[in-house]
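Excluded from the calculations below are hydrogen atoms, water molecules and symmetry mates; all remaining heavy atoms, backbone and side chain alike, are included.
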Amino acid sequence: MKSIRFMASGLAHACPLGQRQAQCHMARMTLSTFQLSDRVVLSITGKDTHDFLQRVITTDMSGLAAGEIRSGALLTPQGKIVVDFLVHGRQDGVWIDVWREAAESLLKRLTLYRLRADAQIELGGDHAVIVGTGQPDPRSDALPRRAVLEPGNDPDAAARQATLEIAAGVPAFGRDYGEAEVFPTDVNLDLFGGIGWKKGCFIGQEVLSRMKRRGTIRKRSVRITDSGEMLPAGADLVAGDLVIGQLTSVDGSCAIARIRTDRLEKADAALTVDGTPVEVHLPGTD
């Protein structure tokens, strides 16, 4: 992937990810493994599991190995995210690692779309999302490894995980956006490998393909950093009088903002949030 390129001189504070840049202040993790209490898992098993999901969700299910993790989402027919998740491969199916508050809704929708497929879908109440072991998180190398395991005595660290995600510029469902609010590209799902552009039809695929083909992807989620001040949640990112976007989550001097990239290209003034100069760290793009 290469960094988004902008021509406007006002983008001196916009830095491509991957370059040396100021890091956010956050506590060093001292736990070897911990549980995420705000995440639960759906268990999907049966010989048609992969084929069923291939025609419904954004994830390309082909070749998904046991233990491998891929990002993905279920979309509305209009192409917006109903809920996103991480898909964990297993020998007899998959685990769906999803935000706890959206699990029941996802279960009902997948059950509706299953039709006659041999795929049993249920809440995996005897398993939990464990971080600090397992396979790499496909959204960022800066995030800890992740697995679905039987719960033990692992302490909960949902808040610490959120700190790490914000510092890595990874937006999250339930924190940065809700149901039917954003297109997958608005929150970088395509950059996380979560959209199977070449796999064929899935729910919402036609809208996404048209956006990509016509070059109408205008919004992105970006990481924001400043010199150490506490950034105000929900504030606007501006360049002079031009509103570039809004902060969707904040952790100290780090934040995630959803921005209009076309407005960022036109910016001819320093980027600020509530009067504080900030840097915008851009995600890579194809």
Side-chain angles (χ1 to χ4, degrees), residues 1 29 31-74 81 83-100 102-103 106-107 110 114 117-158 160-162 164-165 168 170-173 184 187-200 202 284:
M1 294 188 296
M29 292 180 58
L31 305 175
S32 57
T33 61
F34 52 91
Q35 183 172 332
L36 300 183
S37 63
D38 61 344
R39 307 288 293 188
V40 294
V41 293
L42 298 184
S43 169
I44 309 181
T45 57
K47 66 182 180 64
D48 295 335
T49 294
H50 283 210
D51 290 341
F52 152 58
L53 291 175
Q54 185 79 330
R55 62 179 171 81
V56 173
I57 67 175
T58 64
T59 313
D60 188 349
M61 298 296 298
S62 59
L64 178 69
E68 183 184 355
I69 306 174
R70 296 181 184 176
S71 59
L74 177 67
I81 292 178
V83 62
D84 62 17
F85 39 73
L86 295 173
V87 182
H88 298 242
R90 52 191 279 203
Q91 292 292 346
D92 57 348
V94 300
W95 297 109
I96 302 290
D97 166 354
V98 63
W99 187 51
R100 177 179 291 277
L106 178 61
L107 174 63
L110 290 179
R114 178 184 57 189
D118 180 1
Q120 291 72 53
I121 311 169
E122 58 186 1
L123 281 171
D126 55 346
H127 286 76
V129 179
I130 306 297
V131 182
T133 188
Q135 299 300 314
D137 190 315
R139 299 170 298 171
S140 174
D141 293 339
L143 297 178
R145 287 176 174 259
R146 199 174 184 108
V148 172
L149 300 170
E150 293 183 3
N153 295 321
D154 306 283
D156 175 43
R160 183 169 290 180
Q161 177 72 12
L164 294 172
E165 289 176 355
V170 176
F173 187 90
V187 293
N188 307 335
L189 188 66
D190 55 328
L191 305 185
F192 302 151
I195 301 178
W197 294 110
K198 299 180 180 179
K199 74 169 186 167
F202 54 87

Rounded to the nearest 0.5 Å, what's the gap from CD1 on Ile130 to CG on Asp154? Could you check?
-> 4.0 Å

What residues, two or more places apart in sequence or in another chain, satisfy side-chain contact (heavy atoms from CB on, under 4.5 Å) together with Pro136?
-> Arg145

For residues 128-150, which residue pairs qualify under ring pair (Phe, Tyr, Trp, His ring centres under 6.0 Å), counting only residues two or more places apart or in two chains?
-> none

Minimum heavy-atom separation for Ile81 to Pro184, with atom names?
-> CD1-CA, 3.8 Å

Would one find more than 12 heavy atoms of other residues, nucleotides or ligands at under 6.0 Å from atom CG of Asp141?
-> no

Go through the structure and list residues passing salt bridge (charged side-chain N to carboxylate O under 4.0 Å, His left out) with Asp92, not counting sequence neighbours.
-> Arg90

Not counting sequence neighbours, which residues clear side-chain hydrogen bond (donor to acceptor under 3.5 Å, both in side chains) with Ser62? List them please.
-> Asp60

Apply side-chain contact (heavy atoms from CB on, under 4.5 Å) to Ala117 and list each qualifying residue two or more places apart in sequence or on a separate chain.
-> Asp48, Phe52, Arg55, Arg114

Got a sec, which residues hit side-chain hydrogen bond (donor to acceptor under 3.5 Å, both in side chains) with Arg139, two or more places apart in sequence or on another chain?
-> Asp137, Glu165

Say whether, by atom type as modelled, one donor and one acceptor occur between the side chain of Lys47 and the main chain of Asp118 under 3.5 angstrom.
-> no

Quick one: does Arg100's side chain have a donor or acceptor within less than 3.5 Å of a partner on Ser37's backbone?
-> yes

In Å, rounded to the nearest 0.5 Å, how long is the span from CG of Leu64 to CE of Met61?
-> 5.0 Å

Euclidean distance, Ser71 OG relative to Leu191 CG, rounded to 0.5 Å = 10.0 Å

Heavy-atom pair of closest approach, residues Leu74 and Phe85 | N-CE2, 3.5 Å

Any idea which heavy atoms bring Ala73 and Thr59 closest together, and the distance?
-> N-OG1, 4.3 Å

Any pair with a residue in residues 33-46 that passes salt bridge (Lys or Arg N to Asp or Glu O under 4.0 Å), sequence neighbours left out, goes on the list, sorted by first then second residue, please.
-> Arg39-Asp97

Hits for side-chain hydrogen bond (donor to acceptor under 3.5 Å, both in side chains) against Asp84, two or more places apart or cross-chain, chain-then-number order -> Tyr177

Could you list the residues that satisfy side-chain contact (heavy atoms from CB on, under 4.5 Å) with Asp51, not counting sequence neighbours?
-> none

With sequence neighbours left out, the residues meeting side-chain contact (heavy atoms from CB on, under 4.5 Å) with Ser140 are Ala142, Leu143, Ala168, Val170

Sorted by chain and residue number, the side-chain hydrogen bond (donor to acceptor under 3.5 Å, both in side chains) partners of Glu122 (sequence neighbours excluded) come out as none

Identify the residue among Leu107, Ile96, Val87 that makes a side-chain contact (heavy atoms from CB on, under 4.5 Å) with Ile44.
-> Ile96

Heavy-atom check, side chain of Arg146 versus side chain of Leu36, under 4.5 Å = yes

Sorted by first residue and then second, give each ring pair (Phe, Tyr, Trp, His ring centres under 6.0 Å) pair with at least one member in residues 123-148; sequence neighbours left out.
-> Trp95-His127

So how far is it from Phe202 CZ to Leu53 CG, rounded to the nearest 0.5 Å?
-> 13.0 Å

Would a distance-only check, ignoring hydrogens and angles, find a side-chain to backbone donor-acceptor pair under 3.5 Å from Gln35 to Asp156?
-> no

Does the side-chain contact (heavy atoms from CB on, under 4.5 Å) test come out yes or no for Leu189 and Thr58, once each step is laid out?
-> CA-CA 9 Å; Leu189 188 66; Thr58 64; 3.8 Å; yes

Between atom CZ of Arg70 and atom CD of Gln135, what is the distance when rounded to the nearest 0.5 Å?
-> 12.0 Å

Nearest-0.5 Å distance that lies between atom CG in Leu149 and atom CG in Asp126 = 11.5 Å

Which atoms form the tightest heavy-atom contact between Val131 and Pro144, and what is the distance?
-> CG1-CG, 3.0 Å

Could you walk me through whether Val98 and Val40 pass side-chain contact (heavy atoms from CB on, under 4.5 Å), step by step?
-> CA-CA 6 Å; Val98 63; Val40 294; 4.1 Å; yes

